[in-house]
Amino acid sequence: MNDTADRSTFGDKIALRRELRRRRRTLSLNQQKQAAAALCQRLKRLPEIRRAKRISLYLPVNGEIDPTPLIPWLRQRKVSIYLPVLRPFSTNRLWFVAYRESTPMVKNRFGIAEPCSRFAADRRNRLPAWALDTLIVPLVGFDKQANRMGMGGGFYDRSLAFMRHQGPAPTLIGVAHACQQVDALPIEPWDIPLNVIASDTKVIRPTKTG
């Protein structure tokens with residue numbers, strides 16, 4: 001679980017992304033469950049989670065680490081929960097839509113459950129990304145400097161591009177299995193940096209410079 005591998009071992013980013021997805025898919029259901037429980041215990045201790053009143057998280061697929069055990073704890077604390085939803089008539093962008101026990105759900109084109117289009121289209125059920133306190137986002141890979149590798153579609157980078165400018169913005173927490181850590185990742189100019197990365201074994205914050 002704690003082994004690391006330099007990106008050069010796997011060649012380009014496509015190969016590295018494939019390898020890291022393979023790693024998480026090899027985890028048994030019991031390992032997945034244990035990892036989710038350990039992750040959520042770490043998340044509960046983060047000040048960025050404890051003080052948040054509006055949080056977006058995700059529903060896991062394809063071996064992604066599962067943040068949903070956090071939901072009962074968040075509801076008990078009266079935290080409003082949101083889910084990313086594929087924005088219609090837009091290229092790889094997201095809406096952030098309220099997720100309640102009564103929210104009607106459907107599967108999107110990637111097979112991921114999300115609030116249905118009629119519910120999501122109602123502005124009263126949506127929140128602009130800048131108004132969220134915290135976003136918990138899935139990662140394909142991460143390194144010890146808290147750099148991230150996403151899914152490759154650029155959904156979060158496009159949806160959070162406003163964070164390159166001054167103004168209100170959420171805290172970004174990337175989450176992944178410990179086995180998805182590598183020695184170093186390439187940084188692209190369009191990458192939106194994370195504030196924290198949490199796995200089932202550790203919490204990493206970017207090294208401050210200057």
Side-chain angles (χ1 to χ4, degrees), residues 1-5 17-85 94 96-101 103 105 107-108 110-115 132-144 146-153 155-156 170-182 185 194-205:
M1 292 289 291
N2 293 322
D3 65 312
T4 60
R17 189 176 278 115
R18 185 183 303 119
E19 163 63 16
L20 294 174
R21 284 176 169 168
R22 184 198 65 79
R23 288 187 190 182
R24 72 187 187 193
R25 285 197 305 269
T26 62
L27 298 173
S28 69
L29 290 177
N30 187 54
Q31 287 173 318
Q32 288 267 6
K33 185 176 180 179
Q34 290 179 349
L39 168 72
C40 289
Q41 287 303 312
R42 294 181 187 281
L43 291 176
K44 288 176 183 179
R45 294 194 290 266
L46 293 179
E48 295 90 346
I49 295 289
R50 297 188 68 85
R51 65 174 174 248
K53 295 300 181 184
R54 297 170 298 275
I55 287 181
S56 173
L57 47 75
Y58 66 92
L59 304 182
V61 293
N62 299 324
E64 292 173 337
I65 199 165
D66 186 0
T68 61
L70 196 66
I71 289 176
W73 181 81
L74 292 173
R75 294 203 193 284
Q76 187 177 36
R77 294 169 67 89
K78 309 299 183 185
V79 176
S80 297
I81 300 171
Y82 294 80
L83 291 178
V85 172
L94 301 169
F96 295 92
V97 179
Y99 181 48
R100 310 180 187 103
E101 293 181 358
T103 299
M105 304 290 286
K107 287 190 175 181
N108 63 27
F110 299 113
I112 304 170
E114 65 177 27
L132 291 163
D133 297 315
T134 301
L135 265 79
I136 298 174
V137 303
L139 306 175
V140 172
F142 66 99
D143 65 22
K144 60 185 178 182
N147 297 313
R148 59 178 281 267
M149 174 174 280
M151 310 302 280
F155 287 91
Y156 282 99
T171 296
L172 303 183
I173 300 177
V175 295
H177 293 283
C179 64
Q180 294 172 249
Q181 182 177 354
V182 297
L185 285 172
L194 301 173
N195 301 98
V196 185
I197 290 179
S199 76
D200 45 312
T201 65
K202 66 182 70 174
V203 171
I204 301 174
R205 295 181 181 274

Show every donor-acceptor pair shorter than 3.5 Å between a side-chain atom in residues 43-52 and any protein atom, with sequence neighbours excluded, or say none if there are none.
from, atom 1, to, atom 2, distance (Å)
E48, OE1, R205, NH2, 3.1
E48, OE2, R205, NH1, 2.7
E48, OE2, R205, NH2, 3.2
R50, NH1, K44, O, 3.0

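- Geometrically, R75 engages Y99 in a cation-pi contact defined by less than 6.0 Å to the ring centre and at most 45° from the axis.
- In this structure, the side chains of S56 and P84 come closer than 4.5 Å at one or more pairs of heavy atoms.
- The aromatic rings of F110 and F155 sit perpendicular, their planes meeting at an angle over 60°, well past the 30° parallel limit.
- A salt bridge links D133 with R54: the closest approach of a Lys/Arg side-chain nitrogen to an acidic carboxylate oxygen falls below 4.0 angstrom.
- Here the CD-CG distance, from Q181 to L139, works out to 11.5 Å after rounding to the nearest 0.5 Å.
- Of all heavy-atom pairs spanning P67 and C40, the tightest one is O-SG, 3.7 Å.
- Atom CG in D200 sits 4.5 Å away from atom CD1 in I65 (nearest 0.5 Å).
- In plain terms, the two heavy atoms of A178 and S199 that are nearest each other are N-CB, 3.9 Å.
- Closest heavy-atom contact between V140 and G150: CG2-O, 3.3 Å.
- Each of Q31, R23, R25 was checked for a side chain to side chain contact (heavy atoms under 4.5 Å, CB included) with L27, and the lone residue meeting it is Q31.
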Worked check of side-chain contact (heavy atoms from CB on, under 4.5 Å) between L194 and V137: CA-CA 9 Å; L194 301 173; V137 303; 4.1 Å; yes

Evaluation steps, side-chain contact (heavy atoms from CB on, under 4.5 Å), between T171 and L135: CA-CA 6 Å; T171 296; L135 265 79; over 6 Å; no

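- The distance from atom CG of L57 to atom OH of Y82, rounded to the nearest 0.5 Å, is 12.0 Å.
- Of the options L132, I55, N195, a side chain to side chain contact (heavy atoms under 4.5 Å, CB included) to P170 is made by L132 and by none of the others.
- In this structure, L59 CG and M105 CE are separated by 5.0 Å, a value rounded to the nearest 0.5 Å.
- In this structure, Q180 contributes its side chain and L20 its backbone to no donor-acceptor pair below 3.5 Å.
- Pairing each heavy atom of I112 with each of V61, the nearest pair is CG1-CG1, 3.8 Å.
- Between the CZ atom in R42 and the OG1 atom in T201 there is a gap of 6.0 Å [rounded to 0.5 Å].
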Please tabulate, for side-chain N and O atoms in residues 32-39, each donor-acceptor pair with protein atoms closer than 3.5 Å (sequence neighbours left out).
from, atom 1, to, atom 2, distance (Å)
Q32, OE1, H177, NE2, 3.2
Q32, NE2, R24, O, 3.4
Q32, NE2, G63, O, 3.2

Stepwise side-chain contact (heavy atoms from CB on, under 4.5 Å) check, F96 with L83: CA-CA 5 Å; F96 295 92; L83 291 178; over 6 Å; no

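- Pairs of residues two or more places apart, or lying in two chains, that qualify as side chain to side chain donor-acceptor pair (under 3.5 Å) and include a residue from residues 58-73 are D66-T68.
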I197/V203 under side-chain contact (heavy atoms from CB on, under 4.5 Å): CA gap, chis, key distance, verdict: CA-CA 6 Å; I197 290 179; V203 171; over 6 Å; no

